Student: 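Handing you this structure, nothing more for now.
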2 protein chains.
Amino acid sequence: MPVCAPQMRSKLARCAYKLFAKKGIRSVNLDEVAAAAGVTKGSFYWHYKSKKELLHAACAYYYRRWQQRARAEIARDDDPLKQLERVLRFSVQSCLFDRESRVFTTEVFALSLQDKEIRAGWARFYDTVRELFVGLVQAACDNDQLQVVDPRRAVDWMLATIEGIKQRAAFEPEICTPDQREATVQGLLRIVGLVDAPT
Amino acid sequence: MPVCAPQMRSKLARCAYKLFAKKGIRSVNLDEVAAAAGVTKGSFYWHYKSKKELLHAACAYYYRRWQQRARAEIARDDDPLKQLERVLRFSVQSCLFDRESRVFTTEVFALSLQDKEIRAGWARFYDTVRELFVGLVQAACDNDQLQVVDPRRAVDWMLATIEGIKQRAAFEPEICTPDQREATVQGLLRIVGLVDAPT
DNA sequence: CACGTTCCATACTATCCAGTATGGTAAATG
DNA sequence: CATTTACCATACTGGATAGTATGGAACGTG
């Protein structure tokens, strides 16, 4: 019996992500995905039982890649505040330049409203992202580099702002041009420090 | 020749919005829309030439309603800062409770990525919203109730945060519960005042 | 070498739905 | 009253595509 099945399965997920992120999930059909992976629809169904299962795999691919890249950024520094800045810069960067990521996430958001499982998966991902940022903020506080009363709440606001910029930038690109990247990062840091000030 | 055509045209747009906002644009078919308005698909096509044209009408319906409600809030006060708070409260309120609005806008965002005209229409809407807020912030500044160096930039950040909260709340409802409404409004006001502080 | 298993291809079905073709009815108009 | 026009219904077409039925090749195993 020949081997190597898991390779094709993950290749299909990777190709699916690329196509979904380029053209939108709903306007990509399974023939395209299979063709991109060098097979046909018939064999696609040997690896996945439905398009929805494929979408889950594509999401998982996206999660993993984001976390890998974020961890790589963190590993490049020892200082907690610098680490926080690095991850923020990475997040903003992907918001500014990675059109594919925006297309994919926007489509997933729309599908999430109708599909409980997709929504739950994405919520779990958001949770890990939140905890990652909370950890960094906490560390920066312990290091006397930041003063934040409620890190979790502060991070929630900051993440919301990132998502909002990402989304509004689709309509008003001028609010988020590459040369504003550093100013945006600093603005986000300011939000972390300020949102939970006494009302 | 009988009259009253424009009534059915706008009724179709209204019904389309309701259905789109409940089930998502792409999972609503024209038979449903026509039935909701008390006609059939055949006569639908007498009023609109395509589903896309209907979507534009549904968007226009959404724009108009939002602006009417916002203006109504403003009219209830004379004080610029209070007016700003009112509109913010209305925006947050619709983010907290109006699930339909969230479904509709999320779907429109997804479609915008593939459709230039939809995107352009929404960009125009965002522009009027921005100018409305900028005007209020400016007035509050002139009235010595706020100190903002660059109102347009501050409003951009604040609007981004609203959108981000709206979106993240779909996955993490706890970041945006009704009892946090006032705190959220105050947090947004703080962002207006703080984002353009010197770096 | 027979045989089962893995992996893939071809060809088909079934369904959904946007859009069209066509005809009917009632009111206004000359 | 005849005719036109506005508005609506019924019934159909065409295209796209998710999923299935089926068969075949290659490879390991007894």
Side-chain angles (χ1 to χ4, degrees), chain A residues 1-59 104 107-108 110-111 114-118, chain B residues 1-59 104 107-108 110-118:
Chain A
M1 41 185 130
V3 278
C4 89
Q7 283 168 34
M8 181 53 78
R9 188 179 154 90
S10 55
K11 185 176 186 182
L12 281 164
R14 202 169 57 244
C15 293
Y17 170 77
K18 298 269 182 209
L19 283 169
F20 289 167
K22 191 166 294 178
K23 305 175 52 181
I25 296 167
R26 288 181 251 204
S27 51
V28 170
N29 63 40
L30 295 178
D31 287 296
E32 285 179 80
V33 176
V39 293
T40 62
K41 195 168 57 176
S43 42
F44 164 85
Y45 274 98
W46 194 89
H47 296 280
Y48 291 95
K49 71 178 220 288
S50 66
K51 186 175 184 178
K52 192 173 151 184
E53 191 180 287
L54 175 68
L55 177 56
H56 278 109
C59 285
F104 184 75
E107 287 266 329
V108 169
L111 293 176
Q114 258 93 43
D115 188 314
K116 222 170 176 175
E117 294 175 49
I118 308 261
Chain B
M1 42 183 130
V3 278
C4 89
Q7 285 169 35
M8 180 53 79
R9 189 180 154 90
S10 56
K11 185 176 185 180
L12 281 164
R14 204 170 54 245
C15 292
Y17 171 78
K18 298 268 183 211
L19 283 169
F20 289 166
K22 191 167 292 175
K23 306 175 50 182
I25 296 168
R26 289 182 252 206
S27 52
V28 170
N29 63 38
L30 295 179
D31 288 295
E32 287 178 82
V33 175
V39 293
T40 61
K41 195 168 58 175
S43 43
F44 164 85
Y45 274 97
W46 194 88
H47 296 281
Y48 291 94
K49 70 177 221 291
S50 66
K51 186 175 184 178
K52 193 173 150 184
E53 192 180 288
L54 176 68
L55 177 56
H56 277 109
C59 285
F104 184 74
E107 288 265 329
V108 170
L111 293 177
S112 294
L113 297 171
Q114 258 94 42
D115 188 314
K116 222 172 178 177
E117 295 175 48
I118 308 263

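Chain naming here is simple, since letters A, B, ... match the order of the sequence lines and numbering starts at 1 in each. Here the structure is a predicted model, which means the values were calculated and not measured.
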Student: Roughly how far apart are Ile118(B) CD1 and Lys52(B) NZ, rounded to 0.5 Å?
Tutor: 6.5 Å
Student: How many whole angstroms separate atom CZ of Arg26(A) from atom C1' of dA18(C)?
Tutor: 17 Å
Student: How long is the span from the CE atom in Met8(B) to the CZ atom in Phe44(B), to the nearest 0.5 Å?
Tutor: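 So the CE of Met8(B) and the CZ of Phe44(B) are separated by 12.0 Å.
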Student: How long is the span from the CD atom in Glu53(B) to the NE2 atom in His47(B), to the nearest 0.5 Å?
Tutor: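 So the CD of Glu53(B) and the NE2 of His47(B) are separated by 11.5 Å.
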Student: Might you point out which heavy atoms bring Gln114(A) and Lys22(B) nearest each other, and give the distance in Å?
Tutor: NE2-O, 4.4 Å
Student: If you take atom types as modelled and just measure distance, does the side chain of Lys41(A) reach the base of dA9(C) with a donor-acceptor pair under 3.5 Å?
Tutor: no
Student: Short of 4.0 Å, heavy atom to strand atom, which residues of residues 29-36 of chain A count as contacting DNA chain D?
Tutor: Asn29(A), Leu30(A)
Student: Send over the distance from Trp46(B) CH2 to dA21(C) C1', rounded to a whole Å.
Tutor: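 Atom-to-atom, Trp46(B) to dA21(C), this comes out as 18 Å.
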Student: Starting at CZ of Arg9(A) and ending at P of dT6(C), how long is that distance when rounded to a whole Å?
Tutor: 15 Å
Student: Quickly work out the Ile25(B) CD1 to dA18(C) P distance and round it to whole Å.
Tutor: 13 Å
Student: Whether the side chain of Glu32(B) engages the backbone of Asn29(B) through a donor-acceptor N/O pair (distance < 3.5 Å, no angle test) should be reported.
Tutor: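 Side chain of Glu32(B) to backbone of Asn29(B), a donor-acceptor pair under 3.5 Å: yes, one is there.
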Student: Is the distance from OP1 or OP2 of dC8(C) to the nearest side-chain N or O of Ser43(A) less than 4.0 Å?
Tutor: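 Checking dC8(C) against Ser43(A), no side-chain N or O comes under 4.0 Å of OP1 or OP2.
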Student: Please state whether the phosphate of dC8(D), meaning OP1 or OP2, lies under 4.0 angstrom from any side-chain nitrogen or oxygen of His47(B).
Tutor: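 Checking dC8(D) against His47(B), a side-chain N or O does come within under 4.0 Å of OP1 or OP2.
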Student: Looking at CZ of Arg26(A) and CG of Leu55(A), how far apart are the two atoms once the value is rounded to the nearest 0.5 Å?
Tutor: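 CG of Leu55(A) is found 10.5 Å from CZ of Arg26(A).
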Student: Measuring from Ile25(B):CD1 to Tyr17(B):OH, what's the distance to the nearest 0.5 Å?
Tutor: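 One finds 10.0 Å between CD1 of Ile25(B) and OH of Tyr17(B).
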Student: Go through it in stages, so that I can follow the logic: the residues are Leu30(B) and Tyr45(B), the test is side-chain contact (heavy atoms from CB on, under 4.5 Å), and I'd like the CA-CA distance, side-chain angles, deciding distance and then a yes or no.
Tutor: CA-CA 9 Å; Leu30(B) 295 179; Tyr45(B) 274 97; 3.1 Å; yes
Student: CG/Leu113(B) to CZ/Phe104(A) distance, rounded to the nearest 0.5 angstrom?
Tutor: 13.0 Å
Student: Below 4.0 angstrom, which residues in residues 48-56 of chain B have at least one non-hydrogen atom near DNA chain D?
Tutor: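 Nucleic-acid contacts, sorted: none.
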Student: Using whole Å, what does the distance between atom C1' of nucleotide dA9(D) and atom CE of Met8(B) come to?
Tutor: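 Answer to the nearest Å: 13 Å.
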Student: Between P on dT6(C) and OH on Tyr45(A), what's the gap in Å once rounded to a whole number?
Tutor: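 Those two atoms, OH and P, are 21 Å apart.
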